[in-house]
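Structure record follows, encoded as structure tokens.
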Amino acid sequence: MSKSTFIELVPATANRPAGLEHFGLETSGTKSLLDHLRDLGLDINGPRISTLTGIHIGTTKDMDGVNIEFTGTVPGSVHRKAIDDWDLK
């Protein structure tokens, strides 16, 4: 989509029904944001480092059960590499 906008499309399977499964928001200071949300009473998982992409990630669910990811695109992560390598030529 753009240098800093990513869309992840994942096929539906028997274990993953069609529809919106999650959405992600990039953050700076992922750990401090997650700590703040935890202090506000949200059930927060993480932060952890994704073994697949190298991003820092924490999650919670919205009121409909949709997963919300808070991610930090740190140096060395797949997302940061895509951002840094973006070229419109």
Side-chain angles (χ1 to χ4, degrees):
M1 297 262 322
S2 74
K3 182 176 181 169
S4 59
T5 303
F6 297 88
I7 295 179
E8 178 181 41
L9 301 175
V10 181
T13 66
N15 295 325
R16 181 178 300 169
L20 178 64
E21 193 271 333
H22 77 276
F23 68 93
L25 302 168
E26 182 182 4
T27 67
S28 60
T30 304
K31 182 181 180 327
S32 61
L33 171 65
L34 297 177
D35 289 343
H36 177 69
L37 295 174
R38 207 174 269 117
D39 289 344
L40 293 174
L42 275 73
D43 183 18
I44 300 290
N45 296 304
R48 64 179 178 80
I49 299 174
S50 168
T51 56
L52 182 63
T53 63
I55 59 173
H56 292 187
I57 186 169
T59 61
T60 192
K61 291 185 183 285
D62 74 7
M63 295 186 309
D64 294 318
V66 175
N67 291 313
I68 303 170
E69 295 179 348
F70 301 98
T71 64
T73 56
V74 297
S77 68
V78 172
H79 295 71
R80 176 53 53 198
K81 182 169 176 14
I83 291 167
D84 292 345
D85 290 347
W86 182 268
D87 187 359
L88 293 176
K89 293 179 188 174

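Bear in mind that the values here come from a model prediction, so they are computed numbers and not experimental data. Positions are given from 1 along the sequence. Basis for what follows: all heavy atoms, side chains included, without hydrogens, waters or symmetry-related copies.
More than 12 heavy atoms of other residues, nucleotides or ligands shown are found within 6.0 angstrom of NE2 on H22.
L37 and I68 fall within a single hydrophobic cluster, where Ile, Leu, Val, Met, Phe, Trp and Tyr side chains are chained together by heavy-atom contacts under 4.5 Å. Hydrophobic cluster membership is shared by F23 and F70, with clusters built from Ile, Leu, Val, Met, Phe, Trp and Tyr side chains linked at under 4.5 angstrom. The hydrophobic cluster containing I83 does not contain I55, counting ILVMFWY residues as joined when their side-chain heavy atoms lie under 4.5 angstrom apart, directly or transitively. Placement of L20 and L25 within a single hydrophobic cluster is found when ILVMFWY residues are connected by side-chain heavy-atom separations under 4.5 Å, directly or transitively.
Taking a 4.5 Å side-chain heavy-atom cut-off between Ile, Leu, Val, Met, Phe, Trp and Tyr, the cluster of V78 contains only that residue.
Judged by distance alone, the side chain of D62 and the main-chain N or O of D64 form a donor-acceptor pair under 3.5 Å. In this structure, the side chain of T27 engages the main chain of T71 through a donor-acceptor pair within 3.5 Å.
Applying the salt bridge (charged side-chain N to carboxylate O under 4.0 Å, His left out) test to every pair with at least one member in residues 28-39, sequence neighbours left out, gives these pairs: K31-D35, D35-R38. The salt bridge (charged side-chain N to carboxylate O under 4.0 Å, His left out) analysis of residues 11-21, with sequence neighbours excluded, yields no pairs.
With sequence neighbours left out, S32 forms a side-chain contact (heavy atoms from CB on, under 4.5 Å) with no residue at all. By the salt bridge (Lys or Arg N to Asp or Glu O under 4.0 Å) test, E26 is found to be paired with R80, residues two or more places apart in sequence or in another chain being considered.
Between A12 and P17, the closest heavy-atom pair is CB-C, 4.1 Å.
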What donor-acceptor contacts under 3.5 angstrom involve side-chain atoms of residues 40-52, with partners at least two apart or in another chain?
residue : atom : partner : partner atom : Å
S50     : OG   : L52     : N            : 3.2
S50     : OG   : T53     : N            : 3.1
S50     : OG   : T53     : OG1          : 3.2

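Atoms CG and NE2, from L34 and H56 in turn, are 11.5 Å apart once rounded to the nearest 0.5 Å.
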